[in-house]
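The structure appears right after this line, and notes come after that.
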Amino acid sequence: GLRRRRLKPSGAMEGKSSAKKKKVRTTNPPAEEAVTAAAASLLTEDLILEILSRLPARSVHRFKCVSPAWRDLIADPAHRKKLPQPLAGFLYSTYHGPDHRFYNFHFAKVPGGAAQPVDPSLSFLPSHEYWYVDQLDTCNGLLLCRAHKFPSSPSGDDDDPLEYHYIVCNPATGRWVGIPALPPVPAGRRVIARLAFDPAVPSHFHVLQFEDTEQDKYITGVTIYSSQTGAWNYRESRLPEKISLFAGLTSVFFQGMLHLYGLLYPVNTDYDAVLVAVDMEGKVWKTIGVPSGGLSFGLIGVSQRCLHYAATPLAPDDKKKKKKRKKKTDEDTTTVWYMKDYDSKEWVLKHSVSYDELRSMTGGEYRVAAFHPDCDTIFLDSFDADTLSSYDMQHRKFHRIRSLRKNKAAIFLPYVPLFSDSFAGVDRQ
């Protein structure tokens, strides 16, 4: 159980040096200071932890500065299960390995993240059971993987389909659960699997496998796995439009619905990008329009408890730049939008930066790769320098974080550690 030791306010721990400072302070009379100190001394550890558990991770990090006692309380590993954790970094993959079917996986740590880096090899999984494990999606500390079993023939012909099933794991604790396999997908069809998990209900998660048509590649339905029932259920698409999903982009679980980025089919010159949202029973389907910015790289995410969308324009050709860069257009501007009121479905412009300004800061071609969950910072991925950087929108400051591996894929999976028991009551298959 939690100790009920009362924490002393920082002034009471500073001794004589603090007493000297109080002589020159005139903002609080002695009687008022005594009341404040008495009130602070009434805060027990369990009460402080209960309050901190309801705050964003960034705010919890700031409270480490209140006093050494508060710092030690927050840093105590025994309390990690209850307190929100900051963004640790991103899982990403690289290709052009020995086998063209497989990717190699890596972890890019960001400043302020967990001291213990994530092991992208997922060494806690049984290596004798799985030949290859593909990392597909993250959601609130859990990771969705597709685990391929060893090929039936010793030669392992590249054209032979590999038997697989999905796994959901917690990299912070090493716990994982296997999910019953679905029947093989017919040849020519594509599936996109994503994860939905709410930490407020730690023992319950969903895996959604979207299917599309054989030729046109627009959504026909979704098969949903519930950890509560242990079963898959198929639901036909209820979208009135024909929409093709982007396979290489992250999804967002928000307001009880999974959101994915897609294009209206057939694609026209206006580049009609939309968000597709579906609930966990597959009964409610929605489309949400996004601000039009011409041909661009779109991205969705959640930051500061609001849905966000960013559009990075495709890099203009050098020749076109010389001829047409006399007049700036919206299509040359990276924009970041957020949905202040989700029910209204109205996007509000948060920030914009021109192609020229961003290039002058970075010295290269960059796109928005992710949103920081707790502040007005976006992460940028370079097209030509294999570098992960951050951009503070409030102060318009660019910071290069680290170099990345070459031949990386476009998707960056944000990872925030989850130390609670996320699989309580879930049977491992």
Under 3.5 Å, side chain of Arg194 to main-chain N/O of Asp137, donor-acceptor pair present? no

Please answer whether the main-chain N or O of Lys283 pairs with a side-chain N or O of Arg238 as donor and acceptor at a distance below 3.5 Å. yes

In this structure, OG of Ser303 is separated from CE of Met393 (nearest 0.5 Å) by 6.5 Å

Closest approach of Trp176 and Cys169, non-hydrogen atoms and distance? CB-CB, 3.5 Å

Can you list the steps and then say if Leu208 with Met280 is a side chain to side chain contact (heavy atoms under 4.5 Å, CB included)? CA-CA 8 Å; Leu208 294 84; Met280 295 302 97; 4.1 Å; yes

I'd like to know if the side chain of Tyr166 pairs up with that of Gln209 as donor and acceptor (distance under 3.5 Å, no hydrogens or angles considered). yes

Heavy-atom side-chain contact between Leu358 and Leu380 under 4.5 Å: yes

Leu91 vs Phe107 side-chain heavy atoms within contact, under 4.5 Å: yes

Going by heavy atoms in the side chains, are Val177 and Phe205 under 4.5 Å from each other? yes

Any side-chain heavy-atom pair of Leu307 and Leu275 under 4.5 Å: yes

Between the CE atom in Met339 and the CD atom in Glu346, the distance rounded to the nearest 0.5 Å is 9.0 Å

Would you please test Asp134 and Phe105 for side chain to side chain contact (heavy atoms under 4.5 Å, CB included) and show each step? CA-CA 8 Å; Asp134 195 7; Phe105 295 94; 3.0 Å; yes

Checking side chain to side chain contact (heavy atoms under 4.5 Å, CB included) for the pair Ser389/Phe398: CA distance, chi angles, key distance, verdict? CA-CA 7 Å; Ser389 304; Phe398 172 83; 3.3 Å; yes

Let me see the working for Thr387 and Leu404 under side chain to side chain contact (heavy atoms under 4.5 Å, CB included), right down to the final yes or no. CA-CA 5 Å; Thr387 304; Leu404 301 171; 5.9 Å; no

Under 3.5 Å: donor-acceptor pair, side chain of Thr250, backbone of Leu413: no

Without swapping roles, check the side chain of Trp232 against the backbone of Ile179 for a donor-acceptor pair under 3.5 Å. no

To the nearest 0.5 Å, atom CG of Leu182 lies from atom NE2 of His165 at 11.5 Å

Arg405 atom CZ, neighbour heavy-atom count above 12 within 6.0 Å: no

For the pair Thr94 (side chain) and Lys406 (backbone), establish whether a donor and an acceptor sit closer than 3.5 Å, ignoring hydrogens and angles. no

With rounding to the nearest 0.5 angstrom, report the CG to CZ distance, Asp198 to Phe253. 6.0 Å

Once rounded to the nearest 0.5 Å, what's the spacing between atom OH of Tyr132 and atom CZ of Arg146? 8.0 Å

Tell me if a side-chain donor or acceptor on Asn170 pairs with a main-chain N or O of Leu418 at a distance below 3.5 Å. yes

Using 30° and 60° as the class limits, which term best fits the ring planes of Phe210 and Trp285: parallel, tilted or perpendicular? perpendicular

Between Tyr391 and His351, does the ring centre distance come in under 6.0 Å? yes

Could you tell me how the ring of His259 sits relative to the ring of Tyr342: parallel (under 30°), tilted (30 to 60°) or perpendicular (over 60°)? perpendicular

Have a look at His308 and tell me which of Phe254, Trp347, Phe371, Trp337 forms a ring pair (Phe, Tyr, Trp, His ring centres under 6.0 Å) with it. Phe371

How about CD on Gln255, more than 12 heavy atoms from neighbouring residues, nucleotides or ligands closer than 6.0 Å, or not? yes

Min side-chain heavy-atom separation Asp332-Pro313 under 4.5 Å: no

Could you tell me whether the side chain of Thr334 and the main chain of Thr312 form a donor-acceptor pair under 3.5 Å? no

Short N-O contact, Glu365 and Arg359, less than 4.0 angstrom: yes

Under 4.5 Å between any side-chain heavy atoms of Leu87 and Pro414, yes or no? yes

Side-chain donor-acceptor pair under 3.5 Å between His204 and Ser226, yes or no? yes

Straight-line distance of His206 NE2 to Cys139 SG, nearest 0.5 Å: 11.5 Å

Just wondering, do Pro111 and Ile401 contact through their side chains at under 4.5 Å, heavy atoms? yes

Any idea how His106 and Tyr92 line up, ring-wise: parallel (<30°), tilted (30 to 60°), or perpendicular (>60°)? tilted

Compare every heavy atom of Arg402 with every heavy atom of Lys109, then report the nearest pair and how far apart it is. O-NE, 2.8 Å

Going by distance alone, is a donor N or O of one side chain under 3.5 Å from an acceptor N or O of the other, for Glu281 and Asn233? no

Using only atom types and a distance under 3.5 Å, with no angle test, would you say the side chain of Asn140 pairs donor to acceptor with the backbone of Phe197? yes

If you look at every heavy atom in Ala310 and Val368, which pair is closest and at what distance? CB-CG1, 3.8 Å

Smallest separation among heavy atoms of Leu299 and Ala370, with atom names: CD2-N, 3.5 Å

Which heavy atom of Ser244 sits nearest to which heavy atom of Arg190, and what is that distance? OG-NH2, 3.9 Å

With distance as the sole test, does Ser296 use its side chain to make a donor-acceptor pair with the main-chain N or O of Gly298 at under 3.5 Å? no

Look at the side chain of Thr138 and the backbone N and O of Leu142, then say whether any donor-acceptor pair between them is shorter than 3.5 Å. no

Salt bridge check, Asp392 against Lys397: does any charged N sit closer than 4.0 Å to a carboxylate O? no

In chain order, what residues pass the ring-ring contact (aromatic ring centres under 6.0 Å, His included) check against Tyr415, with sequence neighbours excluded? none

Phe90 and Phe379: aromatic ring centres closer than 6.0 Å? yes

Minimum-distance pair of heavy atoms, taken over all atoms of Val274 and Val290: N-CG2, 4.3 Å

Report yes if some heavy atom in the side chain of Val207 is under 4.5 Å from a heavy atom in the side chain of Leu195; otherwise report no. yes

For His399, give me all partners under ring-ring contact (aromatic ring centres under 6.0 Å, His included), at least two apart in sequence or on another chain. none

